[in-house]
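Report on one structure; see the data block that follows.
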Amino acid sequence: QVQLVESGGGLVQAGGSLKLSCAASGSILYIVKMGWYRQAPGNQRELVATITSSRSTNYGDSVKGRVTISRDGDGNTVYLKMNSLKPEDTAVYYCAADISTAYGLASPEHFWGQGTQVPVSS
């Protein structure tokens, strides 16, 4: 099995910064892509940012220019640095990963973390 464990969430004031971390562990053969999504109350889950094994990045339109996604050297931990936070950034932030867990599988499996709350006060 694979576990994604998020950390770094918490209350932050508007205009402030926050860095989220997500560590993947377990039966990992190869991590294809890792990323962050968020879901605010009453809204659908939306893309924040993703990063591939080659460190290619993709950002959601609502956060472009304010967030940076990165991975550590071995690629099993992903970070999300968020700057200039706004009250509308308030959401539960979920780590996600596409991971190959065994040889011979046609495609990687998708995993979600448990989510971490990020309330942004005005």
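Numbering of residues begins at 1 and proceeds along the displayed sequence. These numbers come from the heavy atoms of this one structure, side chains and all, not from hydrogens, waters or symmetry mates. None of these values were measured; they are calculated from a predicted model.
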[X]: partners by side-chain hydrogen bond (donor to acceptor under 3.5 Å, both in side chains), with sequence neighbours left out:
X    : answer
E88  : none
T101 : E109
S17  : N83
T52  : S54

Sequence-distant partners of [X], salt bridge (Lys or Arg N to Asp or Glu O under 4.0 Å), two or more places apart:
X   : result
R45 : none
D98 : none
D74 : none

>> By the side chain to side chain donor-acceptor pair (under 3.5 Å) test, which pairs, at least two apart or in different chains, include something from residues 113-122?
In response: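 Qualifying pairs, neighbours excluded: E6-Q114.
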What's the separation between atom [atom1] in [X] and atom [atom2] in [Y], rounded to the nearest 0.5 Å?
X   : Y   : atom1 : atom2 : answer
C22 : Q3  : SG    : CD    : 11.0 Å
D72 : Y79 : CG    : OH    : 4.5 Å
S53 : K33 : OG    : NZ    : 10.5 Å

> For L29, which fellow cluster members are found when Ile, Leu, Val, Met, Phe, Trp and Tyr are connected by side-chain heavy-atom distances below 4.5 angstrom, either directly or through intermediates?
Replying inline: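 Cluster partners of L29: Y103.
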> With ILVMFWY side chains joined below 4.5 Å, transitively, what does V12's cluster contain besides itself?
Replying inline: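 Under the 4.5 Å side-chain rule, V12 groups with V2, L4, L18, L20, I28, I31, M34, W36, V48, I51, Y59, V63, V67, I69, V78, L80, M82, L85, Y93, I99, F111, V118, V120.
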>> Quick test of your reading: applying salt bridge (Lys or Arg N to Asp or Glu O under 4.0 Å), list the pairs with at least one residue in residues 47-62, sequence neighbours left out, ordered by first then second residue.
In response: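 Output for this query lists D61-K64.
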> Would R38 and N43 count as a side chain to side chain contact (heavy atoms under 4.5 Å, CB included) if you check the C-alpha gap in whole Å, the side-chain angles of each, and the deciding distance to 0.1 Å?
Replying inline: CA-CA 9 Å; R38 68 185 184 184; N43 291 356; over 6 Å; no
> Which atom pair, heavy atoms only, marks the closest approach of A91 to A40?
Replying inline: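 So the minimum-distance heavy-atom pair works out to CB-N, 3.8 Å.
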> In chain order, what residues pass the ring pair (Phe, Tyr, Trp, His ring centres under 6.0 Å) check against Y37, with sequence neighbours excluded?
Replying inline: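 W112.
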